[in-house]
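This is a predicted model, so every value here is computed, not measured.
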Amino acid sequence: MKSEVLAPVGNSEMLIAAVRTGADAVYFGANKFNARRNADNLTSEQLKYAIEYAHINNVKCYLTLNTVIKDSEIADALNLVGEVLDYGIDAIIVQDIGLARLIHENFPKASLHASTQMSVHSPAALDILKNMGFSRVVPARELTKGELLSLCQKAKELDLEVEAFVHGALCMCLSGQCYFSAFLGGRSANRGLCAGTCRLPFSSKGGTGYDLSLKDLSLVSYLKELNEMGVTSFKIEGRMKNPEYVAAAVTTICQMVDFGRVEPEIMMLLEQVFSRNGFTDGYYTKKFGKNMFGIRSEQDKQLTNEALAKTHSLYRNERQKIPLNLTLFVRSGEPMSLTAEADGVTATVTGDVPQTAINLATVPEKAQSTLSKLGGTCYLANTINVHLDDGLMIPVSSLNQIRKTAISELNALRLGKNKINFNKPTIEEVTKFEKRKINGFFVRFASLEQFENCIDILPMLKGFSLSAEILINAFNSQPSPRLTDALINSYAELPRGSTSDEYITNILKGLKQYKISKAVCHTISAVKLASEQNFEIMGGFGLNLFNTHALKTAENLNIFEAVISPELSINEIAMLGDTKKIKLFSMCYGRQPLMLTRNCPVKNGVGCKGKNNGYCLITDRKKQSFPVICQNGFSEILNCKITDISDSVSYLAVDYGYLYLTLEAPNEAANIIKEFLNSKGHSGADYTRGLFKSGVL
């Protein structure tokens with residue numbers, strides 16, 4: 001089966017470029033609730049026009065509703081869904097699990113696509129997504145060929161489609177796991193306002209000075225292979241780019257899909273239109289490292305007038321591709337009748353009464369020639385049959401008018417052919433209740449040394465976690481009975497970055513042998529795997545639980561403790577409604593992980609040779625240093641400052657505070673915990689209140 005070519009649309013001209021160059025589908029956002037809010041995006045009127053224009057050209061339309069949503073925005077988001085469904089949208093691309101559930105409940109016939117912002121790294125997530133009503137998944141761009149193949153095989157079993165990015169920009173961070181822009185400037189990538197922080201100067205030891213900037217992805221050479229693997233849709237990134245980029249990218253992908261090759265001139269044009277020192281296939285081919293990094297140089301920005309003219313020529317005219325059958329009946333003394341048929345839809349219209357010929361009568365060939373003039377439409381003349389009585393004269397203007405009327409009627413019928421009527425959404429009420437109060441603290445330990453040094457104060461905590469790998473290694477090293485007893489009561493933090501379900505499952509089975517039965521899960525895959533092994537689940541911050549409806553959805557997944565999004569302000573946290581069973585945790589202390597990357601930034605320099613005390617550093621243009629910690633094939637970039645709201649904990653409307661230890665020395669870790677337990681403020685030069693006062697836009 002041929003894979004769909006899916007093009008990005010940030011404005012009306014990009015839509016025209018995508019359709020005219022052969023895209024099978026387009027995706028675009030409204031002026032809110034989408035991951036590219038800085039794009040021009042489309043107004044309500046433009047959305048209606050875009051969907052109609054695309055559908056007349058047999059091009060599908062997907063709306064990006066792929067951000068986390070505040071409680072106060074849920075009604076607007078659902079009303080937007082209802083609006084675009086009335087216009088005939090083909091699918092909604094969603095990140096927020098609460099919004100996804102509400103869409104599925106209110107509009108059960110609507111097609112849902114799981115955004116790459118949902119951080120789907122492995123097949124285990126697919127069962128949950130299928131049960132939530134999704135019909136398609138957009139996996140992480142960081143998957144290798146083998147990992148993507150495994151995901152496609154699982155998707156086929158579940159009758160899920162797979163949409164994979166094949167060209168366009170690569171974020172340094174896995175989508176849905178980036179908090180860099182939010183914590184440095186209050187503009188959240190999870191809310192569609194990423195400031196592009198990773199494109200700014202960041203230096204690792206021996207690096208180029210732009211050690212968070214990757215080249216653009218291009219998998220053009222692998223499209224046949226991807227199709228055979230089961231990739232349903234070839235997605236092009238680029239809603240923030242321009243029509244020339246869309247035209248060049250769509251033409252390139254279409255040529256490879258249709259002919260198995262790309263004209264050298266078109267491939268050169270694609271690079272001229274936009275690149276960052278060329279392209280990369282590093283993730284897919286498992287060739288990480290320096291070759292994947294690149295920036296947009298001055299030379300890259302120089303799009304010549306000649307290249308511009310060539311690109312414009314790709315989408316100058318409408319793409320006539322839909323076969324049209326026309327049948328004209330002309331009888332003396334009767335109005336002309338023209339029947340137009342395309343896509344199994346038939347429209348019949350009447351026109352002027354023909355005149356008796358005084359000099360030359362109209363012949364069928366002349367009528368056929370006039371009716372065949374379909375320029376400016378999406379139609380291509382297939383058959384034109386003319387049944388014309390002798391001795392009649394038809395003005396060319398009459399033939400042009402009846403053809404125009406027939407096509408207009410045909411378009412209207414085609415647009416209404418598959419229309420589904422939807423009811424207005426019922427907004428689920430958020431029940432308020434007495435404000436929550438902090439009942440204690442939960443500590444995440446980064447090392448066994450920190451944990452051992454705090455054993456005496458563990459009974460005073462709500463709970464504590466260590467990474468699953470640390471726990472397995474600790475038990476394998478035969479710890480003392482006292483330490484063993486303490487470890488058994490801990491939660492196992494599963495890796496936020498993992499592409500192997502088998503690896504996670506084996507870890508969980510190993511933990512069960514040591515009577516550990518509670519897990520912190522940052523991904524949907526981890527939730528599924530931990531649930532299968534009968535673990536009690538705490539949802540980690542990586543799940544981006546941002547509103548009451550997301551928390552209720554988490555309850556449906558057997559998550560009864562959850563760390564809410566670190567991007568919520570204190571006031572927004574206080575507005576979260578009653579979730580019946582789930583206990584809420586909020587970060588009170590720690591170096592917030594800002595990025596989760598699969599290509600370590602220090603590999604653009606000397607690599608791990610620059611490691612100091614178990615971690616590396618990258619430095620920004622303001623000379624602020626950000627620790628980089630690598631584990632399990634992924635790297636976490638931590639904030640340069642420690643979030644600490646110890647003096648404001650009493651205002652925090654959650655059940656428990658979450659202390660996230662990372663680089664602290666064992667003695668320091670114990671002191672920090674004691675200060676929180678004793679309600680004492682912590683002080684230091686490198687502390688911040690994070691987003692607790694401001695939240696994010």
Backbone N/O of [Y] and side chain of [X]: donor-acceptor pair under 3.5 Å:
X	Y	result
Lys154	Pro123	no
Ser175	Gln117	no
Arg141	Leu170	no
Gln450	Phe445	no
Ser490	Ala486	no
Asp71	Thr548	yes
Glu664	Thr662	yes

Please name all residues satisfying salt bridge (charged side-chain N to carboxylate O under 4.0 Å, His left out) with [X], sequence neighbours left out, ordered by chain then number.
X	value
Lys60	none
Glu452	none
Glu142	none

Have [X] and [Y] got a donor and an acceptor in their side chains that come within less than 3.5 Å?
X	Y	answer
His121	Glu147	no
Tyr27	Asp90	no
Thr67	Arg191	no
Glu561	Tyr491	yes

Walk me through whether Phe441 and Tyr589 qualify under ring pair (Phe, Tyr, Trp, His ring centres under 6.0 Å).
CA-CA 10 Å; Phe441 295 95; Tyr589 172 92; over 10 Å; no
CD (Glu228) with more than 12 external heavy atoms under 6.0 Å:
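For Glu228, atom CD is crowded (more than 12 foreign heavy atoms under 6.0 Å).
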| said: What's the separation between atom CZ in Phe475 and atom CD1 in Ile516, rounded to the nearest 0.5 Å? | reply: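 So the gap between those two atoms works out to 4.0 Å.
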query: Should the pair Tyr284 and Tyr222 be assigned to parallel (<30°), tilted (30 to 60°) or perpendicular (>60°) ring geometry?
result: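 Rings of Tyr284 and Tyr222: tilted, as their planes differ by 30° to 60°.
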* Do Tyr658 and Phe541 pass the ring pair (Phe, Tyr, Trp, His ring centres under 6.0 Å) test, and can you show the C-alpha distance, the side-chain angles, and the key distance before you say yes or no? -> CA-CA 11 Å; Tyr658 199 87; Phe541 66 83; 7.9 Å; no
Does the pair Lys518/Glu536 count as a salt bridge with the N-to-O cut at 4.0 Å?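 No salt bridge links Lys518 with Glu536.
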Report task. Please determine if Glu493 and Arg444 form a salt bridge, counting it only when a charged side-chain N lies under 4.0 Å from a carboxylate O. Result ->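 Between Arg444 and Glu493 there is a salt bridge, with a charged N closer than 4.0 Å to a carboxylate O.
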Could you check if a side-chain atom of Leu557 sits within less than 4.5 angstrom of a side-chain atom of Ile537, using non-hydrogen atoms only?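 The answer is no; the side chains never approach within 4.5 Å.
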